[in-house]
Amino acid sequence: MLFPNIPVIPYEGPTSTNPLAFKYYNPDQVVAGKTMKEHLPFAMAWWHNLCAGGSDMFGRETADKSFGAAEKGTMEHAKAKVDAGFEFMQKLGIEYFCFHDVDIVPEADDINETNRRLDEITDYILEKMNATGIKCLWGTANMFSNPRFMNGAGSTNSADVFCFAAAQVKKALELTVKLGGKGYVFWGGREGYETLLNTDMKFEQENIARLMKMAVKYGRSIGFTGDFYIEPKPKEPMKHQYDFDAATAIGFLRQHGLDKDFKMNIEANHATLAGHTFQHDLRVSAINGMLGSIDANQGDYLLGWDTDEFPFNIYETTMCMYEVLKAGGLTGGFNFDAKNRRPSYTVEDMFEAYILGMDAFALGLIKAAKIIEDGRVDNFIAERYSSYNSGIGAKIIANETTLEELADYAAKMGAPELPGSGKQEYLEAVVNNIMFGC
């Protein structure tokens, strides 16, 4: 046991002051017809929780993530992280994990040795999965950390690097199938450009699509039946990334005939970096039938980079869960792509961060369900567009009119009345009353 001083985390309710207890996440509580556990399939992000030690560009690690291994960056250390991760998930009641290939083993100089290590560690992970019932939400390949990917993976100017990226995707897909993953993610961490002076944008985007098409073909051939995901992000590390936001990524998928196999993995922090709200990118994905999975975190509005904080903003989690409930749920889950702040370096901090995030989404679920049940927001929206329910509006919706007929209608009408009030302040007050009223 690597966390002997941490108990199985109980639900104690909103009045509890125990830092190692849930205040709102009660897995068996029924909300909107399903249990919280069913609504909120939480996942542990292998990279942040088991690998990130709090280093930044100004300082080295503050947290010890060796988990008892004598030397970091070894297969002994890789197995220690497996032991730590499964004990961590069991104590929190988390049923899923997500991983990159080089999160779970140290990368070797030779890809053949890296693949051998991956086979070894996934055998060990599979043993733990079978013993605990914990499952894999999705897998992916890290094609952004190694210097070879300085110009991207699918978008690289080097055919040799493109081949290496393809080899990583092939192996990561095999591992995802081996571990029963529900999805496979493409995050284009360096799929973009710094300046158009040295960039053939059309070529690079077409090459990214070629890599994705090959991945779909191979994945389906080895029995992968889940969704492929794109995780949009506008910038950082590249100045301009091709998967800028949900709308851009969806347009790319449709342009290249990939929309039948791909959905969106929306990250809160990435949406806000694109100048949107989290809710916006969720809505764009949902109305296009592409809301797949969520990376649950938040950013700092005062900082212009990806801070990956654990979610605590209940307004944000409520609006997220409103979109998820209205869309009928996710095909994926809620992966905590979030990391402790650098001064939060203890084992207790690791657990308390996940408790914070799980509670924030549980409370958001409760409040979102109340907004929908209350009905005032949905009823107002329906009434706001009611002019399309009959008369000329109904003909517009049914595609039974022409530009000439509408022009004649307008000429006979004269000046139209102003549209009804948007009532933004009233609706914001309704939401506040539901969220915070006694």
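Note that the coordinates shown come from a computational prediction; the quantities given were computed from them, not determined experimentally. Numbering starts at 1 and runs along the sequence shown. Values below: all heavy atoms of this structure, side chains included; hydrogens, waters and symmetry mates excluded.
A side-chain hydrogen bond (donor to acceptor under 3.5 Å, both in side chains) check over residues 27-36, counting only residues at least two apart or in different chains, returns the pairs Thr35-Glu38.
In summary, the side chains of Asn18 and Glu12 do present a donor paired with an acceptor at a separation below 3.5 Å, with no hydrogens or angles considered. If you check the side chains of Asp101 and Gln168, you find a donor sitting under 3.5 Å from an acceptor. Thr156 and Asn151 share no side-chain donor-acceptor pair at under 3.5 Å. Side-chain contact of Ser66 with Asp64: a donor-acceptor pair under 3.5 Å is present, judged by distance alone. One side chain, Thr122 or Lys178, offers a donor N or O that lies under 3.5 Å from an acceptor on the other. Judged by distance alone, the side chains of Tyr193 and Glu204 never bring a donor and an acceptor atom under 3.5 Å apart. Side-chain contact annotation: Asp295 with Asn265, donor-acceptor N/O pair under 3.5 Å present. Between Glu61 and Ser55, the side chains place no donor N or O within less than 3.5 Å of an acceptor N or O (distance only, hydrogens not considered).
Although no hydrogens or angles enter the test, the distance criterion places a donor-acceptor pair under 3.5 Å between the side chain of His77 and the main chain of Lys65. Judged by distance alone, the side chain of Asp349 and the main-chain N or O of Tyr345 form a donor-acceptor pair under 3.5 Å. Side chain of Ser16 to backbone of Gly13: no donor-acceptor contact under 3.5 angstrom is found. Put simply, the side chain of Asn433 never gets that close to the backbone of Ala429: no donor and acceptor are under 3.5 Å apart. A donor-acceptor pair under 3.5 Å links the side-chain atoms of Arg341 to the main chain of Lys339, judged by distance alone. A distance-only check finds a donor-acceptor pair linking the side chain of Arg190 to the backbone of Phe144 [under 3.5 Å]. Side chain of Asn379 to main chain of Gly375: a donor-acceptor pair is present (N/O by atom type, distance under 3.5 Å, no hydrogens or angles). Proximity of a side-chain donor or acceptor of Thr317 to a complementary backbone N or O of Ala360 within less than 3.5 Å is detected. Side-chain atoms of Ser386 never come within 3.5 Å of backbone atoms of Ala382 as a donor-acceptor pair (strictly under, hydrogens ignored).
With sequence neighbours left out, Glu87 forms a salt bridge (charged side-chain N to carboxylate O under 4.0 Å, His left out) with Lys91.
Considering only heavy atoms from C-beta on, Met89 stays 4.5 Å or farther from Glu95 through its side chain. Put simply, the side chain of Asn26 does not reach to within 4.5 Å of the side chain of Tyr24, judged on heavy atoms. In this structure, the side chains of Lys182 and Thr331 stay at 4.5 Å or more apart for every pair of heavy atoms. Proximity of Met319 to Glu323: side-chain heavy atoms (C-beta onward) are nowhere separated by under 4.5 Å. The closest side-chain heavy-atom distance from Asp243 to Thr248 is not below 4.5 Å. Contact of the Lys263 side chain with the Leu291 side chain is not registered, since no non-hydrogen atoms from C-beta on lie closer than 4.5 Å. Contact of the Cys320 side chain with the Ile294 side chain is registered, since non-hydrogen atoms from C-beta on lie closer than 4.5 Å. Contact of the Arg117 side chain with the Ile121 side chain is not registered, since no non-hydrogen atoms from C-beta on lie closer than 4.5 Å.
The pair Arg116-Glu113 counts as a salt bridge, with a side-chain nitrogen and a carboxylate oxygen less than 4.0 angstrom apart. At a threshold of 4.0 Å, the pair Arg220-Asp261 counts as salt-bridged, since one of the basic side-chain nitrogens sits closer than that to a carboxylate oxygen. Using a 4.0 Å cut-off between a side-chain N of Lys or Arg and a carboxylate O of Asp or Glu, Glu194 and Lys239 do not qualify as a salt bridge. With respect to the salt-bridge test (charged N to carboxylate O, under 4.0 angstrom), the residues Lys128 and Asp83 qualify. The pair Lys233-Glu236 meets the salt-bridge criterion, since a charged nitrogen lies less than 4.0 angstrom from a carboxylate oxygen. Using a 4.0 Å cut-off between a side-chain N of Lys or Arg and a carboxylate O of Asp or Glu, Arg148 and Glu107 qualify as a salt bridge. A salt bridge is absent between Lys235 and Asp306; no separation between the charged side-chain nitrogens and carboxylate oxygens falls under 4.0 Å.
Each of Trp46, Phe336, Phe42 was scored for a ring-ring contact (aromatic ring centres under 6.0 Å, His included) with Phe97, with one residue passing: Trp46. Of the candidates Asp337, Asn297, Asn335, Asn340, Asp337 is the only one forming a side-chain hydrogen bond (donor to acceptor under 3.5 Å, both in side chains) with His48.
By the neighbour-count criterion of 12 heavy atoms within 6.0 Å, atom CE of Met201 is densely surrounded, having more than that number from other residues, nucleotides or ligands. The local environment of NZ in Lys37 is sparse, with at most 12 non-hydrogen atoms from other residues, nucleotides or ligands closer than 6.0 Å.
The distance from atom CE of Met36 to atom CZ of Phe22, rounded to the nearest 0.5 Å, is 11.0 Å. Taken from CZ in Arg384 to CG in Leu427, the straight-line distance is 9.0 Å, to the nearest 0.5 Å. Considering CG of Leu40 and CZ of Phe361, their distance stands at 8.0 Å, rounded to 0.5 Å. Atoms CG and CD1, from Leu20 and Ile9 in turn, are 4.5 Å apart once rounded to the nearest 0.5 Å. The CZ atom of Phe186 sits 5.0 Å away from atom CG of Leu211, with the distance rounded to the nearest 0.5 Å. From Leu253, atom CG reaches atom NZ of Lys260 across 10.5 Å, with rounding to the nearest 0.5 Å.
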Legend entry - Ile372 vs Lys326, side-chain contact (heavy atoms from CB on, under 4.5 Å): CA-CA, chis, key distance, verdict: CA-CA 8 Å; Ile372 294 170; Lys326 297 287 282 187; 3.8 Å; yes
Legend entry - ring pair (Phe, Tyr, Trp, His ring centres under 6.0 Å) evaluation trace for Tyr184 with Tyr229: CA-CA 6 Å; Tyr184 183 87; Tyr229 299 124; 9.4 Å; no
Inset, instruction - Under the side chain to side chain donor-acceptor pair (under 3.5 Å) rule, what do Asn207 and Arg210 come out as? Steps first, then yes or no, please. - result: CA-CA 5 Å; Asn207 247 15; Arg210 290 185 183 100; 2.7 Å; yes
Legend entry - side-chain contact (heavy atoms from CB on, under 4.5 Å) between Met264 and Asp281, worked out: CA-CA 9 Å; Met264 294 294 106; Asp281 261 16; over 6 Å; no
Legend entry - Derivation and outcome, side chain to side chain donor-acceptor pair (under 3.5 Å), residues Gln298 and Glu309: CA-CA 5 Å; Gln298 67 181 61; Glu309 297 183 33; 4.7 Å; no
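Taking the six-membered ring where the residue is Trp, Phe228 and Phe224 present perpendicular rings, their angle passing 60° and hence far from 30°. Using cut-offs of 30° and 60° on the angle between ring planes, the pair Phe88 and Phe351 is tilted.
Cation-pi geometry between Lys81 and Phe67 is not met at under 6.0 angstrom from the ring centre and within 45 degrees of the axis.
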